[in-house]
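We're numbering straight along the sequence, starting at 1.
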Amino acid sequence: MLLLGGLQLRFSWTTIQFLAWCDQLPDASLPLSENLDLMRDYAKLSRGDRILAIGQEPVSSRGQFARAYWKLQVDETVNVRVLRGGQPIDVPHKVKYLSGKPELPIAIAITTLNILTPGLCLLFAFFVAFQRPLDPLSWWLLALMFGISNIASANAWMVETWPPALSVPAIFLRGIGLFIAPAAWVWFGLNFPDPSSPRRLANQLRWPLTLGLIVLALPSGLGSVMAIHWPGRNMWLRQTVDEIPSLVFYGFISAAVLLGFCNQFYKLYGETRPDSLRRMRLLISGIGIGIAPYATLLVRSWITGKEFGSVPEFVWIPSLMAMLIIPAAFAYVVVVQRAMDVQVAIRQGLQYAMARRGLDFLRLALAVSIAWLVFTLGAEGMSIHWPKVLAALTALAVLLYLFPIAGRWLDRRFFRESVNVEHVLTRLSERVRTMMDASALMETVTGQIKETMYVTRVGVFLRDGNGNFVGADGRVPADGGIAGQLQRGSARVYFDRPGEWLASLPDAEAALLRRSNSELLVPIRGSDSVTGYLDLGAKRSEQPYSNADVRLLETVAAQTGLALENARLSAAVVEQTAQRELLHREIEIARDVQSRLLPKRRIAVPGLDYFGLCRPAQLVGGDTFDVLETPGGQFGFAIGDVAGKGIPAALLMSNLQASLRGLNFAAISNLGELLTKLNRLVYDSTPSNRFATFFYCLYDGASQRITYSSAGHNPALLLRAEANTVVPLRTKGVGLGLKREAEFEEASTSLRPGDLLLLYTDGLTEAVNAQREEFGEDRLAQSLIAARHSNAPELAQELLHRVDQFADGAPQHDDMTLIVIRALP
């Protein structure tokens with residue numbers, strides 16, 4: 001690999017020299033035979049002259065001649081000793097430059113053939129070989145990429161100017177490249193995508209074809225080397241090669257290529273696994289598109305006997321450049337489609353950006369090519385050939401139409417550059433917290449996943465009364481293999497590389513996963529068991545699910561499980577309340593206990609008029625508020641919203657309130673530290689699927705400032721009296737109980753005379769009317785401004801009245817709690 005890489009780097013540098021300084025480099029590509037006989041007249045040299053020396057340097061091979069000639073300066077006159085008519089004579093010869101600067105399309109073609117295509121082939125093949133050194137398929141892929149990189153190249157004579165230590169292996173490798181690629185393609189076609197698959201066509205031909213191609217490759221490579229460096233010593237070898245009919249060469253190459261393609265088509269039309277089908281289709285399409293133009297020109301050259309480059313430039317240049325598609329197709333299938341389980345540490349957004357830049361480069365290259373066609377090919381003499389111009393302009397118009405479509409296709413195929421996990425979690429949590437209908441809840445969850453991650457299909461399976469998982473696509477038994485795997489965690493579904501759990505799956509369950517084209521199963525957990533699972537199909541980008549994707553989906557599933565459990569608990573409470581008077585009495589007791597936990601004695605706060613109010617949606621609620629006097633003479637105002645409804649939420653609320661009052665006695669003045677300790681107490685004393693949002697502020701009468709901190713709660717609204725504007729008070733922090741170690745931000749602001757501060761829960765802003773429209777934060781702020789002249793109790797009642805007017809009889813789905821604080825003059 002080091003030899004291949006080093007030779008390619010040297011050839012790339014020689015190509016750059018040729019393109020950049022071709023008008024300053026000597027033309028070493030004289031029409032010489034391998035014995036240094038001139039094939040046609042050149043300057044003062046005549047056809048049939050045999051070159052013996054350049055200046056004082058004797059030459060006996062084309063390699064020596066190229067190296068000696070390459071050292072000369074352009075326009076330098078040198079004596080060339082030739083053998084003419086049996087007599088050695090010196091002929092003065094003026095060194096000419098290679099050529100003028102090539103036109104842009106020619107330069108692009110040479111760069112693609114000599115640098116881009118072989119560079120991409122070798123980089124990709126080296127990468128796969130380093131990642132999977134024990135996989136024979138990776139070494140066949142390396143041989144195939146090496147052969148492709150050597151099949152088409154421009155100005156190969158430049159290799160003759162290198163030192164023998166480099167030119168000998170380079171010429172040999174170029175000589176065998178045409179035979180190595182078909183041989184490697186035979187083995188790759190037989191083994192891709194699954195080497196263990198028994199589906200193989202004419203498998204017994206692989207060794208005869210491979211050995212035949214090797215037998216043809218060795219004399220071809222050795223003959224090329226000897227023709228350049230040791231002419232006259234390889235007559236036996238050249239005679240042997242010349243005696244082999246060209247039909248044998250073309251026959252072995254064609255048979256190998258055909259066998260590789262036949263195996264791929266044979267596997268394609270017998271394959272049932274969606275991953276393997278997708279990979280083979282992409283690979284066959286990419287190879288076909290890349291090789292078809294080049295193969296067509298080769299067949300034309302073989303049939304007509306005309307040179308490859310006898311067709312117009314606008315035909316052979318794109319035909320050769322199309323070969324760049326072949327390594328690109330292999331790279332996409334192997335790396336992006338995980339055909340050989342190659343891991344790539346590239347951000348998904350970077351892949352999308354690279355695809356976008358590639359599309360931009362293709363757009364630029366095609367536009368330049370069409371412009372060249374218009375201004376070069378369109379002119380014939382002093383006139384303009386309008387049909388060609390119109391054809392080129394029509395092609396440009398079609399491209400301008402197609403490229404925006406291609407851009408939109410990329411947007412669908414590639415997912416977003418990054419996903420803010422906290423943002424998705426917060427949005428989903430806010431939407432599902434108030435949902436009591438399981439079907440509406442799951443519709444919201446699946447819609448959010450599809451929108452965020454570009455997933456083609458999201459199915460939901462939930463437990464029925466017998467413990468089985470039931471979904472729209474079928475039924476999974478409670479004691480089956482899928483249920484057992486979900487107890488252990490999420491499961492990827494790749495039938496082309498089945499893990500232990502997938503290989504041992506019952507046939508009925510495996511058939512269900514195949515029918516639905518499943519790629520990932522994510523368990524939905526309740527408080528103590530798996531209550532269902534999400535069945536996800538392929539992503540629109542066709543890329544596999546990463547570890548980050550799985551973690552995000554597990555977080556969403558946990559929130560969904562919490563919401564489902566809340567809905568079921570609430571339904572159970574309602575049902576049991578209607579059936580059992582005893583349970584109704586217990587709930588009444590719980591409500592009475594909960595109401596007693598709310599502040600009953602109004603603490604006088606100098607300089608403030610305040611009022612707190614809580615209206616549960618059910619008999620017991622999950623909201624709380626409190627007013628505390630700290631040992632340091634400050635006054636604290638707290639409001640919280642526990643996830644869920646009913647008795648479990650009420651118990652967590654009472655626990656939260658008790659913990660807060662205990663910490664208040666500890667005289668912790670830093671709110672970030674206070675909420676950190678409160679979060680640990682809540683986390684350690686509650687199940688993992690319970691949490692609460694919380695907002696707490698301290699009022700210092702001496703400085704007339706409030707210090708506040710939020711744990712994922714709605715922002716408090718501060719109405720400035722002098723500006724008559726509402727300012728939301730936000731700080732960073734997650735809900736209490738979500739994770740044990742969390743940090744909370746603290747902020748402060750002044751509370752000037754006449755200012756109003758409103759603390760509230762999302763029951764107000766998420767109240768809906770018959771049209772399912774939410775009241776929202778903006779309406780709440782406008783209501784606060786409209787009622788700003790009322791005292792605190794009246795203002796609190798007025799805000800609830802406005803929410804009820806907006807709901808217009810729609811049932812209250814969530815607790816409504818608020819604290820109104822007015823700074824007195």
Side-chain angles (χ1 to χ4, degrees), residues 430 434 598-599 602 605 607-617 621 623-627 635-641 693-699 701 704-731 747-769 773-808 810 812-825:
E430 291 175 353
T434 59
L598 296 175
R602 188 176 186 279
V605 181
L608 294 183
D609 177 25
Y610 71 91
F611 184 78
L613 182 62
C614 178
R615 191 173 76 182
D623 283 5
T624 182
F625 76 93
D626 208 348
V627 181
F635 297 87
F637 297 87
I639 191 167
D641 184 2
T693 64
F694 188 74
F695 187 95
Y696 189 60
C697 66
L698 286 176
Y699 172 71
Q704 291 188 332
R705 293 188 66 83
I706 56 170
T707 304
Y708 56 93
S709 184
S710 175
H713 196 75
N714 307 83
L717 300 180
L718 176 60
L719 174 59
R720 293 294 188 186
E722 68 275 15
N724 202 26
T725 56
V726 175
V727 179
L729 304 183
R730 292 187 174 90
T731 60
S748 65
T749 186
S750 61
L751 193 64
R752 295 184 285 273
D755 289 350
L756 278 173
L757 179 63
L758 174 63
L759 281 59
Y760 63 95
T761 60
D762 58 10
L764 279 76
T765 55
E766 293 181 359
V768 296
N769 56 21
E773 183 182 8
E774 291 188 352
F775 186 73
E777 186 178 308
D778 291 339
R779 287 191 178 91
L780 183 61
Q782 293 299 323
S783 301
L784 183 63
I785 294 174
R788 63 187 180 280
H789 298 299
S790 303
N791 58 35
E794 293 173 349
L795 180 54
Q797 296 292 347
E798 177 63 18
L799 292 177
L800 288 181
H801 176 67
R802 287 176 178 265
V803 173
D804 292 338
Q805 277 187 325
F806 174 80
D808 194 21
Q812 178 181 339
H813 291 293
D814 200 2
D815 306 333
M816 295 184 183
T817 305
L818 53 84
I819 303 176
V820 176
I821 303 171
R822 176 187 293 278
L824 299 175

- Only residue of Leu764, Leu759, Val803, Leu795 satisfying side-chain contact (heavy atoms from CB on, under 4.5 Å) with Leu818 is Leu764

- Message: Tell me every residue that passes salt bridge (charged side-chain N to carboxylate O under 4.0 Å, His left out) with Glu798, counting only those two or more places apart in sequence or in another chain.
- Response: Arg802

- Kindly compute the distance separating OH (Tyr696) from OG1 (Thr707), expressed to the nearest 0.5 Å. 10.5 Å

- For residues 607-617, the salt bridge (charged side-chain N to carboxylate O under 4.0 Å, His left out) pairs (sequence neighbours left out) are Arg602-Asp609, Arg615-Asp804

- Residue pair Ile706, Leu729: steps toward the side-chain contact (heavy atoms from CB on, under 4.5 Å) verdict: CA-CA 11 Å; Ile706 56 170; Leu729 304 183; 4.1 Å; yes

- List for me each residue that meets salt bridge (charged side-chain N to carboxylate O under 4.0 Å, His left out) alongside Arg720, sequence neighbours excluded, and say none if there are none. Asp755

- Note on the structure: When rounded to the nearest 0.5 Å, the distance separating OH of Tyr699 from CG of Leu608 is 4.5 Å

- Is the Tyr708 ring parallel, tilted or perpendicular to the Phe695 ring (thresholds 30°, 60°)? parallel

- Item | Spacing of Cys697 atom SG and Leu751 atom CG [to the nearest 0.5 Å] | 9.0 Å

- Query: To the nearest 0.5 Å, what is the distance between CG (Asp762) and CD (Glu777)?
  - Reply: 11.5 Å

- Task: Quick one: closest heavy-atom pair of Ala716 and Leu757, and the distance?
- Result: CB-CD1, 4.1 Å

- Query: Step by step, would you call Leu758 with Leu780 a side-chain contact (heavy atoms from CB on, under 4.5 Å)?
  - Reply: CA-CA 10 Å; Leu758 174 63; Leu780 183 61; 4.0 Å; yes

- Item | Criterion side-chain contact (heavy atoms from CB on, under 4.5 Å) on Thr817 and Thr624, from CA distance to verdict | CA-CA 7 Å; Thr817 305; Thr624 182; over 6 Å; no

- Message: Is it true that Asp641 and Thr761 share a donor-acceptor pair across their side chains at a distance under 3.5 Å?
- Response: no

- Note on the structure: Closest non-hydrogen atoms of Ser748 and Arg705, given as atom of the first, atom of the second and distance, are OG-NH2, 3.2 Å

- Heavy-atom pair with the smallest gap, counting every atom of Ala638 and Phe694: CB-CZ, 3.6 Å

- Between Ser783 and Phe775, what is the shortest heavy-atom contact and its length? OG-CZ, 3.7 Å

- side-chain contact (heavy atoms from CB on, under 4.5 Å) between Leu717 and Tyr760, worked out: CA-CA 9 Å; Leu717 300 180; Tyr760 63 95; 3.9 Å; yes

- Message: Within this structure, what is the CG-CG distance for the pair Leu784 and Leu719, rounded to the nearest 0.5 Å?
- Response: 5.0 Å

